[in-house]
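Residue numbers begin at 1 in each chain, while the letters A, B, ... track the order of the sequences. What you see is a predicted model, and the numbers here were worked out from it, not measured in a lab.
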There are 2 protein chains.
Amino acid sequence: MKFEAATIKDIAKALGLSTSTVSRALRDSHEISEATKKKIRDYAVEINYRPNPVALSLKEKRTLSIGVVVSEIANTFFSQVINGIESIAYKNGYNVIITQSRESLEREQMILDYLTSRSIDGLIISISSETNDFTSLKQLHEKRLPIVFFDRVVEEINTHKVITDNLQGVYQATQHLIQNKFKRIAIIASNPNLAITRERLAGYLQALADHKITVDHSLIRYCSHGGSDVEEVEIAVKDLLKLKKKPDALVLLADKITTETFSILKREKIKVPGEMGVIGFNNSKYTSLFAPALSVIRQPAFEMGEKAATLLLNLIESKRAVTDFKLESLAPEIIIRESSQNSR
Amino acid sequence: MKFEAATIKDIAKALGLSTSTVSRALRDSHEISEATKKKIRDYAVEINYRPNPVALSLKEKRTLSIGVVVSEIANTFFSQVINGIESIAYKNGYNVIITQSRESLEREQMILDYLTSRSIDGLIISISSETNDFTSLKQLHEKRLPIVFFDRVVEEINTHKVITDNLQGVYQATQHLIQNKFKRIAIIASNPNLAITRERLAGYLQALADHKITVDHSLIRYCSHGGSDVEEVEIAVKDLLKLKKKPDALVLLADKITTETFSILKREKIKVPGEMGVIGFNNSKYTSLFAPALSVIRQPAFEMGEKAATLLLNLIESKRAVTDFKLESLAPEIIIRESSQNSR
DNA sequence: TTGTACGCGTTATCAC
DNA sequence: GTGATAACGCGTACAA
């Protein structure tokens, strides 16, 4: 079952003209007489002619579409980034093909293989938490596929990158807890493979150092799937709760880890913030409706998407090879609500 | 800046063969000798040859991609549906192009125009809340573009449709409130243009009728943008609160209306469920973390996506014109939590 | 001002 | 068993 559409040929035949005349008329070439142009245009409208983008792509070796790879669309942060990307892309006549790696390296490879077999002009990607092998991304980069990283970037690949100032965000969050008299601040991080995990941890460590608090390594936990595996969060939280010297506050370094942890604490009837102060990364509006309302580190997701898309379109449309790559670091927003206010 | 990839021609030239031989060898045709095949295959692997999907599309008049139009990706319900669509599409070698109408008829038209100018093989759509003119969808349908509707379907267009059993869902939710001794149950609906709005309202009305409660039309409100316009929800809620005979419970007929209303009640310090019982459509996991935990009507979103995609692929791949169209109606899940439990 | 011929990458058809 | 050619739809260099 297929639906057929009109082509230039159809117009040419119907009007007794050649395809080139029709083509030129439709592109408003000055070498076509107004009379013919009008005739052709009118007929084109009449039969609702649309140029075939596939034929154009083949000819011009571009598809006017960009690929986006995120770990999960349903994650608010990513869907907001995608909104940003989309808004810029559409404005510039580009299509956006969105795909999800679901935190799997294997799926990410498949997607990259598929997308880049020539059906996209450029790529915007936040790598999966599993990804520790960048050869296929490197190959694509060497083949000069325009790539922009955001959020989970690959440090070793030299191209545009858009991130949140992760270190600052976590530094401020941790400092906020310290100033609220929390004494044993634990942290649950995502996969240590990821550069953002290391940066975020650095913010935590620096805040402790600046406030002359010695690091207790038993208070640092990792979730290698960034919280998308519910059990790993459960293990991390319960391990912390089992410690002889329990933490009295938590910094949570990924959206899913944050909500999952909050849910576990609720289930375990741990009072927040009474027994446990909580602040964590999360981009959902819903966290303000939690009880207690959740303090969060919020990333400027929409803006990140806009920036990433703008940079990518620059790369795609630049005539010569770009060598001056930017690292855009946007300030996160620290939203203090009840969950991190120590009443002691 | 562009990246070039190997073509059949390159292989042919390098090996001193014709393009047709190479093409046949790569498709494992029996009319090519094993020796030649091996030589060609090895070289193809060596230079990492990938067939150009654009050329294939042009030749085969299909793009192996399907378009999806939703009002907003960031809406959990839609992102879950998209997950379902994606899972089926990828399994069958199809690409998914996701777009957002942002509840705007104009944007929806643009998207349809763009997508269907031949760059997709089929369409899965949940129309925008503004859409009351279906001519362009009808035209596409007449041109035999395979279309599957989900959620917000167009009744007048005869094709596959996947919906939740909206009437039942709202019926049960309303009945639950009645059984919990709520006496004045108000309802905030989405745009009355939408078939789902009418169905959902019918569920409410039927539940009232079955329990011999007379309908009070002052308790029925509409949000024409489905709650994506914050103010319209604010107006609806405040109007209800201003009534001389205030409602003591609310049924909310769209995801955004639900969370927005909840947020307003919280801000206005209306006790839920003490002063106002609440139940509404919502697909986010987060609602269980609200205080009070929110009772919801949950749609089987992932499954809806799977079903819609499966039906669409059937349409696309069917040899003859399909005339037997299905209306799949999936059961919603009514999740009772605190917000709808009357303690009186 | 308009028409002819070619190429983008691939495969089907026909020829050798 | 392999090669040449046409076709998919479009735009453009070259011809007229």
Rounded to whole Å, how long is the line connecting atom [atom1] of [X] with atom [atom2] of [N]?
X: A:Arg50; N: D:dC10; atom1: CZ; atom2: C1'; result: 17 Å
X: B:Lys39; N: D:dG1; atom1: NZ; atom2: P; result: 15 Å
X: B:Glu31; N: D:dA4; atom1: CD; atom2: C1'; result: 14 Å
X: B:Glu34; N: D:dG1; atom1: CD; atom2: C1'; result: 12 Å
X: A:Arg27; N: C:dT2; atom1: CZ; atom2: C1'; result: 17 Å
X: A:Lys13; N: C:dG3; atom1: NZ; atom2: C1'; result: 16 Å
X: A:Ile32; N: D:dG11; atom1: CD1; atom2: P; result: 13 Å
X: A:Leu15; N: C:dT2; atom1: CG; atom2: P; result: 11 Å

Checking side chain to side chain donor-acceptor pair (under 3.5 Å) between A:Glu103 and each of A:Ser128, A:Ser129, A:Ser228, which is the one that passes?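 Among A:Ser128, A:Ser129, A:Ser228, the one that satisfies the side chain to side chain donor-acceptor pair (under 3.5 Å) with A:Glu103 is A:Ser129.
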Any base atoms under 4.0 Å from [X], or only sugar-phosphate, or nothing? Heavy atoms, all strands.
X: A:Thr36; answer: sugar-phosphate
X: A:Arg24; answer: base
X: A:Ser23; answer: base

Along DNA chain C (nearest heavy atom to each residue), the more 5'-positioned of A:Val22 and B:Ile8: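 Nearest-nucleotide comparison on DNA chain C picks A:Val22.
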Measure up the B:Phe78 and B:Phe150 rings against each other and bin them: parallel (under 30°), tilted (30 to 60°), perpendicular (over 60°).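 B:Phe78 and B:Phe150: perpendicular rings.
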Do any side-chain nitrogens or oxygens of A:Tyr49 fall under 4.0 Å of OP1 or OP2 in D:dG9?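 Checking D:dG9 against A:Tyr49, no side-chain N or O comes under 4.0 Å of OP1 or OP2.
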Distance test, side-chain N/O of B:Thr21 to OP1/OP2 of D:dT2, below 4.0 Å: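 No, because none of the side-chain N or O atoms of B:Thr21 sits under 4.0 Å from OP1 or OP2 of D:dT2.
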Is it true that, when you exclude B:Lys326 itself, more than 12 heavy atoms of the residues, nucleotides or ligands shown sit nearer than 6.0 Å to its NZ?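 No, not enclosed.
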Over 12 non-hydrogen atoms of neighbours within 6.0 angstrom of NZ in A:Lys38: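 It does not: A:Lys38 NZ has 12 such atoms or fewer within range.
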Which atoms of nucleotides 5-8 of chain D (N or O only) lie under 3.5 Å from a protein N or O atom, and what are those distances?
residue, atom, partner, partner atom, Å
D:dA7, N3, B:Lys59, NZ, 3.3
D:dC8, OP2, A:Lys9, NZ, 2.9

Under-4.0 Å salt bridge between B:Arg152 and B:Glu108: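 Salt bridge: no.
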Closest approach of A:Ser136 and A:Leu112, non-hydrogen atoms and distance?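 Nearest heavy atoms, A:Ser136 then A:Leu112: OG-CD1, 3.7 Å.
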Of the non-hydrogen atoms in A:Asn92 and A:Ile88, which two are nearest, and what is the gap between them?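 Result for this residue pair: ND2-O, 2.8 Å.
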